[in-house]
S.K.: 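This is the structure I want to talk about, given as structure tokens.
These numbers were taken from a predicted model, which means no experiment stands behind them. Chain naming here is simple, since letters A, B, ... match the order of the sequence lines and numbering starts at 1 in each.
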Amino acid sequence: MSQQIKVFSNMPSENIEVLFWVGCAGSFDQRAQKITLAFTKILQAININFAILGKEELCTGDPARRAGNEFLFQMQAYQTINILKQYQFERIVTTCPHCFNVFKNEYPAIGGNYTVLHHTEFLQELFLNGKLKIKSDSSSQGTYTYHDSCYLGRINGVYEAPRALLEQLQIELKELKRCKSKGLCCGAGGAQMFKEDEPGLKRINAERAQDIIDAEVDHVVTACPFCATMIQDGLVATNPNKNYDVLDIAEIIAQKI
Amino acid sequence: MLSSFVFCLVLVAATYFFTKNITKIIHNIKLGKSIEVTGSSTARWKNVFLLAFGQSKMFRNIPMACLHFIIYAGFIIINIEILEIIIDGIFGTHRVFLQVLPINIYNIFINIFEFLACGVTLACIVFLIRRIIIKVPRVTHPDLKGFPQKDAIYILLTEIILMSLFLTMNATDLILNPNLGINFFISGKLSEIFIPFSPFTLEMIERTCWWLHIIGILAFLNYLPYSKHLHILFAFPNAYYAPLEKHYGLANMPHIQNEVKYAMEPNLMPPEVSSETKPEKFGAKDVFDLNWKMLLDAYSCTECGRCTAACPANITGKKLSPRKIMMATRDRLQDVGKNIAQNKVFVNDNKQLLGDYISVEELRACTTCNACVTECPVSISPLNIIIEMRRALILEDGNAPKEWNSMFANIESNFAPWKLSIDDRDKWIQNVN
């Protein structure tokens, strides 16, 4: 471990610039952990004063609320807001659009008011103020497309930050047929991630995978840990002969710093 | 004069029945739970101008938006002509506006109306072709089986007929009254067909068209309350009451919020517990449990299916269709309205929205991706209704798929949706290098 990661409970009185909200997927899911590690690498590279909640972090309650279990959501919200009350930090940055949305749009009604950024917005800001520089020789091979996360794009209007980042990385983007506000869900939202699909003709991620196959690209960029898993699974099931790279923007940037 | 008397009778009857039916609908909408209307009215009026008058969201699909705009502009602008027809009908005058407007201005107006009338006819024909010949999936979807599909076709045919009557009326009038100084381009061309006809026949045609045109319009007005076409009126209030925030979360449930707070911090509990009224029900099982904006949404829906065409669940063959959620809500509300009209108060009919009109399977298929809400040109949110019903399923009936129950249990015990130990939450740090 080259650098110790700060955990809030070890330094309760320190004023921290960025609270990195890792999220459940980012903490436990093997695929999403890679995104967490990539984003951590970036945070360390820019020497920002950041910390995580570690074992104190907990589910924001998003899947419970969307499934209809408001009681459980309120329990989670109550506990999260109380934990956050104990610490001083300027803003929350999260790699998960679902956590981001709850902090931004749903906790304020319950008394939790924070400045929260999705990591794509935060990374764009770092580029704009010159804090983040990429290696000049880091050319990208193959063609890329970007899959809009519903909770980042349609629900919070963040369409440009991820695209601006890809432009900064000199990655030429081939847009999918359904993109931005017309983007198709990966199939994970609304707590679908945690249950079997309802009966139908196909899985939603297979439908989305077809959009990607039709776009004839080599790599897919995502900005949500759930999308990354769903899209990868959809592509493997729909086109097993081709090996697509499904990468979070943070992972691409981490390779180039 | 007899014709004036008959006209006034028809007009009064049409207005009476229309008002009566609209009043019924407003009563039905008021069956919904109250909600606070917050935010500036300026911002709300801005929405009315952008979304309803300007049809801004229609322009997500430009060709359809243009065709729809022609019909809409025709509908609004040709109404000026209807005013003349009504005055003529009441007082037995003929083209009364000729007495107040200079002839050139009058001709310009009527010529604009005639061009619009042709545009409306053409647009309606294109829409009919899309429904009947091309069978565009969005407008021939199984949701529309039966009356809804016929409803759409009746509307389009009626509009074509009304426009043809208007043009024929003008064409025959041009020959009958050359001394009026009226000069219309389109009906002028059309009038050539009528030249061989005798003055008596022409008069008969002109009067028949005049009467059928105005009776047709009044009948159409009275058809609206039974039809999907009600959106031509309800799109306006629905835009006014649309949420003002660009990005907003799911509605909070303050009662549950407080319940949690008092459970965790009993000292905060107010001494007078009874001062707080516990809602009868958490979430929605029937239309009474929805708020009135959701019910207004149901009446504003014109069943265009932009929501369903964008719904990931519906696209992949699941039973959920956001359009059907709105249609089912309106159907239930209509049935409840009839029940109340018959019995003075609502008498239990052993039915409810949840289960009898909308199935659990449909509700379970939603990914809450917001595509339906984004697509709707008239600010309807099928998602709000879906969420309220999902809440009732869990909070009232404890009805959840077993995977969801495991997810809930995991969040409660491990604070994560998976069955993984709290101690492992920061294990990833070991891999930081």
S.K.: Could you tell me which portion of A:Ala206 (side chain, backbone, both or neither) has an atom closer than 4.5 angstrom to a non-hydrogen atom of chain B?
M.R.: neither
S.K.: Who among B:Ala392, B:Pro401, B:Gly283, B:Ala371 has the most heavy-atom pairs with chain A under 4.5 Å?
M.R.: B:Ala371
S.K.: Contact part of A:Leu72 toward chain B, heavy-atom cut-off under 4.5 Å: side chain, backbone, both or neither?
M.R.: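 The answer is the side chain of A:Leu72.
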S.K.: Under the 3.5 angstrom rule, does the side chain of A:Arg154 hit a backbone N or O of B:Cys369 as a donor-acceptor pair?
M.R.: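 Judged by distance alone, yes, a pair lies under 3.5 Å.
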S.K.: Let me confirm one number: the CD-CG distance from A:Gln30 to B:Asn431, rounded to the nearest 0.5 Å.
M.R.: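 Output value for this atom pair is 10.0 Å.
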S.K.: Side chain from CB out, backbone as N, CA, C, O: work out which of these in B:Lys402 comes under 4.5 Å of a heavy atom of chain A, or both, or neither.
M.R.: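 Contact with chain A is absent: no heavy atom of B:Lys402 under 4.5 Å.
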S.K.: Counting only non-hydrogen atoms closer than 4.5 Å, can you tell me which residues of residues 185-197 of chain A sit against chain B?
M.R.: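 Contacts with chain B: A:Cys185, A:Gly187, A:Gly189, A:Gly190, A:Ala191, A:Gln192, A:Phe194, A:Lys195, A:Glu196, A:Asp197.
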S.K.: Name the region of A:Thr40, side chain, backbone, both or neither, that has any atom closer than 4.5 Å to a heavy atom of chain B.
M.R.: side chain
S.K.: Please classify the contact of B:Ala251 with chain A as side chain, backbone, both or neither, using a heavy-atom distance under 4.5 Å.
M.R.: backbone
S.K.: Please classify the contact of B:Trp404 with chain A as side chain, backbone, both or neither, using a heavy-atom distance under 4.5 Å.
M.R.: both
S.K.: Is it the backbone or the side chain of B:Ile387 that comes under 4.5 Å from a heavy atom of chain A, or both, or neither?
M.R.: side chain
S.K.: Quick one: does A:Glu70's side chain get under 4.5 Å of B:Phe282's, heavy atoms only?
M.R.: no
S.K.: Side chains of B:Thr316 and A:Leu201: closer than 4.5 Å at any heavy-atom pair?
M.R.: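 No; the side chains remain at least 4.5 Å from each other.
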S.K.: Taking all atoms of both residues into account, what is the closest heavy-atom pair of A:Leu37 and B:Trp428, and its distance?
M.R.: CD2-O, 3.6 Å
S.K.: How far apart are the closest heavy atoms of B:His247 and A:Ile155, and which atoms are they?
M.R.: ND1-O, 2.9 Å
S.K.: If I measure from the heavy atoms of chain B, does A:Arg203 come under 4.5 Å with its side chain, its backbone, both, or neither?
M.R.: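 Looking at A:Arg203, just its backbone touches chain B.
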S.K.: Go through the atoms of B:Glu388 and report whether side chain, backbone, both or neither lie under 4.5 Å from a heavy atom of chain A.
M.R.: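 Interface part for B:Glu388: neither.
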S.K.: Within the 4.5 Å heavy-atom criterion, are B:Phe415 and A:Gln79 side-chain neighbours or not?
M.R.: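 Heavy-atom side-chain distance check passes, below 4.5 Å.
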S.K.: Roughly how far, to the nearest 0.5 Å, is the OG1 atom of B:Thr368 from the CG atom of A:Asp62?
M.R.: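 So the gap between those two atoms works out to 7.0 Å.
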S.K.: Does any backbone or side-chain atom of B:Glu259 lie under 4.5 Å from a heavy atom of chain A? Answer side chain, backbone, both or neither.
M.R.: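 Only the side chain of B:Glu259 comes within 4.5 Å of chain A.
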S.K.: May I ask you to name which of A:Gly26, A:Gly54, A:Ser149 has the most heavy-atom pairs under 4.5 Å with chain B?
M.R.: A:Gly54
S.K.: Please identify, among A:Glu106, A:Gln76, A:Arg65, the residue contributing the most non-hydrogen atom pairs under 4.5 Å to chain B.
M.R.: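 Option with the top pair count is A:Arg65.
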S.K.: Using a cut-off of under 4.5 Å for heavy-atom pairs, which of A:Gln74, A:Arg208, A:Lys104 has the most such pairs with chain B?
M.R.: A:Gln74
S.K.: So if I apply the side-chain hydrogen bond (donor to acceptor under 3.5 Å, both in side chains) rule between A:Tyr78 and each of B:Lys261, B:Gln257, B:Glu265, which one comes out positive?
M.R.: B:Glu265
S.K.: So what's closer than 4.5 Å to chain B heavy atoms on A:Asn101: side chain, backbone, both or neither?
M.R.: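 No part of it gets close to chain B.
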S.K.: Determine the option with the most heavy-atom pairs under 4.5 angstrom with chain B, choosing from A:Val102, A:Asn69, A:Ile52.
M.R.: A:Asn69
S.K.: For B:Lys46, is the NZ atom crowded, meaning more than 12 foreign heavy atoms sit under 6.0 Å from it?
M.R.: no
S.K.: First locate atom CZ of A:Phe73, then atom CZ of B:Arg391, and finally report the distance between them rounded to the nearest 0.5 Å.
M.R.: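 Answer rounded to 0.5 Å: 8.5 Å.
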S.K.: With chain A, which of B:Leu320, B:Thr374, B:Ile386, B:Leu363 has the greatest number of heavy-atom pairs at distances under 4.5 Å?
M.R.: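 Most heavy-atom pairs within the cutoff with chain A belong to B:Thr374.
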S.K.: Counting only heavy atoms not in B:Leu268, do more than 12 sit closer than 6.0 Å to its CG atom?
M.R.: yes
S.K.: List the steps, then state whether salt bridge (Lys or Arg N to Asp or Glu O under 4.0 Å) holds for A:Glu198 with B:Lys319.
M.R.: CA-CA 8 Å; A:Glu198 297 306 311; B:Lys319 222 176 143 193; over 6 Å; no
S.K.: Say whether B:Glu245 and A:Asn105, considering side chains only, have a donor N or O and an acceptor N or O under 3.5 Å apart.
M.R.: no
S.K.: Please rank A:Pro199, A:Cys150, A:Ala109 by heavy-atom pairs under 4.5 Å with chain B and give me the top one.
M.R.: A:Pro199
S.K.: Check for a donor-acceptor pair, side chain of A:Lys182 on one end and backbone N or O of B:Arg60 on the other, with a separation under 3.5 Å.
M.R.: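 Yes, the answer is positive, given that a donor and an acceptor are paired below the 3.5 Å cut-off.
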S.K.: Counting only non-hydrogen atoms closer than 4.5 Å, can you tell me which residues of residues 406-413 of chain B sit against chain A?
M.R.: B:Met407, B:Phe408, B:Ile411, B:Glu412
S.K.: Are any of the side-chain heavy atoms of B:Pro312 and A:Glu207 separated by less than 4.5 Å?
M.R.: no
S.K.: Could you check which of B:Leu393, B:Asn370, B:Val373 has the highest count of heavy-atom pairs closer than 4.5 Å to chain A?
M.R.: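 Heavy-atom pairs under 4.5 Å are most numerous for B:Asn370.
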S.K.: Hey, which of A:Glu56, A:Gln33, A:Arg178, A:Met75 has the most heavy atom pairs under 4.5 Å with chain B?
M.R.: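 Heavy-atom pair counts peak at A:Met75.
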S.K.: Under a 4.5 Å heavy-atom cut-off, does chain A meet the side chain of B:Asn414, its backbone, both or neither?
M.R.: neither
S.K.: Hey, which of B:Ile394, B:Ile422, B:Leu395, B:Asp424 has the most heavy atom pairs under 4.5 Å with chain A?
M.R.: B:Ile394
S.K.: Distance from B:Met253 atom CE to A:Ile110 atom CD1, nearest 0.5 Å?
M.R.: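 Those atoms lie 11.5 Å apart.
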S.K.: Measuring from B:Asn252:CG to A:Tyr107:OH, what's the distance to the nearest 0.5 Å?
M.R.: 11.5 Å
S.K.: Heavy atoms, side chains only, cut-off 4.5 Å: are B:Lys318 and A:Ile204 in contact?
M.R.: yes
S.K.: Which atom pair, heavy atoms only, marks the closest approach of A:Arg66 to B:Arg390?
M.R.: O-NH1, 2.7 Å
S.K.: Is there a donor-acceptor pair closer than 3.5 Å between any side-chain N or O of B:Arg425 and the backbone N or O of A:Glu57?
M.R.: yes
